[in-house]
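Remember, predicted model here, so these are calculated numbers, not experimental data. So you know, we letter chains A, B, ... as the sequences are listed, proteins then strands, and number each from 1.
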Number of protein chains: 2
Amino acid sequence: MKNSKPTIHDISKALNINSSTVSRALNNSPRVSKKTKDLILKKAKELGYQKNTLASNLRTNKTNTIGIIVPRISRNFFSSVISGIEERAYIAGYNVVIGQSFESFEREQKLVSTFLSNRVDGLLISISMETTDYDHLENFKNNGGPIVFYDRPVPLKNFASITINDFEASFVATQHLISKGCKNIVHFSGIQKIALYKNRKEGYIAALKKHNIPVNEDYIFEAKLSENDGVEFAKKILKLGNIDGIYASNDTSAIGAMQYLKANGIRIPEDISVVGFNNDPISAVIEPNLTTINQPDFEMGTIACSQLIDLIEKKDVNGQHQSKVLPTELIVRNS
Amino acid sequence: MKNSKPTIHDISKALNINSSTVSRALNNSPRVSKKTKDLILKKAKELGYQKNTLASNLRTNKTNTIGIIVPRISRNFFSSVISGIEERAYIAGYNVVIGQSFESFEREQKLVSTFLSNRVDGLLISISMETTDYDHLENFKNNGGPIVFYDRPVPLKNFASITINDFEASFVATQHLISKGCKNIVHFSGIQKIALYKNRKEGYIAALKKHNIPVNEDYIFEAKLSENDGVEFAKKILKLGNIDGIYASNDTSAIGAMQYLKANGIRIPEDISVVGFNNDPISAVIEPNLTTINQPDFEMGTIACSQLIDLIEKKDVNGQHQSKVLPTELIVRNS
DNA sequence: TTTAAAAATACAATCGATTGTATTTTTAAA
DNA sequence: TTTAAAAATACAATCGATTGTATTTTTAAA
């Protein structure tokens, strides 16, 4: 008959001990004697008691849960960040809820709203490509809890963020191509609404300028940087004819282009040198191995999560936004 | 002063309408008149009301949330399955909580326990490599809700599972190598505790037997199938000397081996042919492109999720385990 | 042994929404 | 206009745990 799960009241009745004492015993409060605790713990085990976290969360107004919003978990970079976040959260005793925006603003809004009504304690987010309006995030901050941005920077004051210096990394990548003798370098850029891609583009431009190479707007391609976009870009490159260098804002598009170029008889790096971004595992497998920028992805996760937990737990840091810029590294390989 | 979020009681007071009516209005119950609904909805918006899902879930004993346990999200196969699950869950109005076991039994147990006390409505799980004891899952089923297994089969009765026919896929893969003229085929096998790897091994053995090729136990290597395991296997292969075929239970290890073999002057497929498993994106990038088995990963996710939702929503299907075996396909490339 | 302080336990309200039942209001038939 | 039925709304209990305060029990000092 009784197929509902046991509650503290079942323990309470079974032992004739008030439920408040049962609750305190289960939470190991010093207000309950060792003897009673043992009794209660034994009975709890016997009944197969499992705390109803919903009830507990409702009462304490704390869920010990962190929400993560990520564009897509299938990208290596993001899944590494998530692993870093989980690692840190696990140690601190937080649960983690992951939602994918699939680069859709609408879906991102829904996720934020769900996290809000599920009362997560804080939010880690890398915004979608479509996001230019931040009301949903301001709202979360005002009514939900702290937010820490990671990877993709956002033009908001009073928010913490963990990023890399995209401008500088890009500058280094482009300079590497120049040092290899490239004169006509194209750039694969992402959607400009994402500041990150804008910054990368500007790093590329700055490097060219520094070395007195004219900046040609026709050499800057813009797309979502899928593998197929890389293929399309490669077609353009063949049409241009004189290109000797590619600096791509991600490895995926770089690899798409390399595949197409190789299939069309272009030698890499003899004819065209390529530098990517992200250091995806695949970059070490493609031939020639792709020179790329390594980001501290896992570390980005642990640091972002640490910051968030600090914000959640220390009310005094409230409002203070501790942002960090992490170092990147050029991995020189054979492309 | 009042920094707490508005509740139905705030709306109730503001309009002098009982909170039960407010609740019904917000849930669009036919018991509330259009006029009152409009009034309440307007006020809710004005106050910035957001339902407290915790309270609602506690009362209704339903969270509209599905728990997913996955060994690691960073593997392409799993992130595709997750995307499939999310797709289906999103349509059906369920939220999804993802937890990574990182192949650890302990962590898996903790996740199940967390999901149980957070009262997810059901569970989708691919068990960890260490899992040989299923008490935590039996317990979840008895006290939590339905479970659907995906990818990795489990020796349990009365559980639904969505899998592929590993034996058969393996048989086909091995036969392909034999048809290419391979006589000395090694097999990269995973941890035997996972039935999936056992089945793949048996498929390999069956194919050899069918073609009267003696089965040599020394040709069966066992490990966790990381890229590095592939490298180690490749070293063994070089030591053996006469190997002309590799059938690997995943692409990752196949690629590790290929990289090492190529670096040591072995030509693929002229000297050694290779077949992998999973059709990871990387398999289409490595040179030569890797012949592999494609699994319907995304579809596995949607189907598993559909089954679970059916089990959650229709009490009559309760107990009935609808298992499915999905088709696989050999993708012949150049290795 | 008495008694004040400390320790342990019980009481009762509460978190915010939901829901079966009771009451009031409205509608429409007589 | 009266009245029964239907529609709309109010009342009150509840989900399961937590927590400030009150009460009881134990401890130890006088």
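Where B/Arg59 and B/Ile17 each meet DNA chain D at their nearest nucleotide, the meeting point lying more 5' is that of B/Ile17. Residues A/His9 and B/Lys37 both approach DNA chain D. Their nearest nucleotides, taken by heavy-atom distance, put B/Lys37 toward the 5′ side. When each of A/Thr36 and B/Leu54 is assigned the nucleotide of DNA chain C with its nearest heavy atom, A/Thr36 is the one assigned upstream, toward the 5' end.
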_Wobble G-U and Watson-Crick pairs count when both distances are under 3.5 Å; given that, what is the 5' to 3' dot-bracket string of DNA chain D, with | for pairing to other strands?_
||||||||||||||||||||||||||||||
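A centroid separation of 6.0 Å or more is found between the aromatic rings of A/Phe115 and A/His136.
Neither side chain, A/Asn27 nor A/Ser29, offers a donor N or O lying under 3.5 Å from an acceptor on the other. A donor-acceptor contact under 3.5 angstrom links the side chains of A/Asn64 and A/Lys62, judged on distance only.
Applying a 4.0 Å cut-off to non-hydrogen atoms, the residues of residues 24-33 of chain A that approach DNA chain C are A/Arg24, A/Pro30, A/Arg31, A/Val32, A/Ser33, listed by residue number.
Protein chain A touches strand DNA chain C; the 5'-most and 3'-most nucleotides with an atom under 4.0 angstrom of its non-hydrogen atoms are C/dA8 to C/dG16.
For the pair A/Lys141 and A/Phe159, the distance from NZ or CZ to the six-membered ring centre is under 6.0 Å and the angle to the ring normal is within 45 degrees.
With rounding to the nearest 0.5 Å, the separation of OG in A/Ser79 from CG in A/Asp297 is 8.0 Å. The CG atom of B/Asn57 sits 5.5 Å away from the CG atom of A/Leu54 when rounded to the nearest 0.5 Å. Distance CZ/B/Arg72 to CD1/A/Ile82: 13.0 Å, rounded to 0.5 Å.
Among the atoms of the strands shown, base atoms are found under 4.0 Å from some heavy atom of A/Ser20. Nucleic acid contact for B/Asn52: sugar-phosphate only, since backbone atoms but no base atoms lie under 4.0 Å from a heavy atom of the residue. Residue-level contact check: A/Ser23 touches the bases, meaning some heavy atom is under 4.0 Å from a base atom.
Nearest heavy atoms, A/Ala195 versus A/Pro153: CB-O, 4.1 Å.
Across A/Glu108, A/Gln109, A/Lys193, a single residue satisfies side chain to side chain donor-acceptor pair (under 3.5 Å) together with A/Thr131, and that is A/Glu108.
More than 12 heavy-atom neighbours from other residues, nucleotides or ligands sit within 6.0 angstrom of CD on B/Glu138. Heavy-atom contacts from other residues, nucleotides or ligands closer than 6.0 Å to NZ of A/Lys37 number more than 12.
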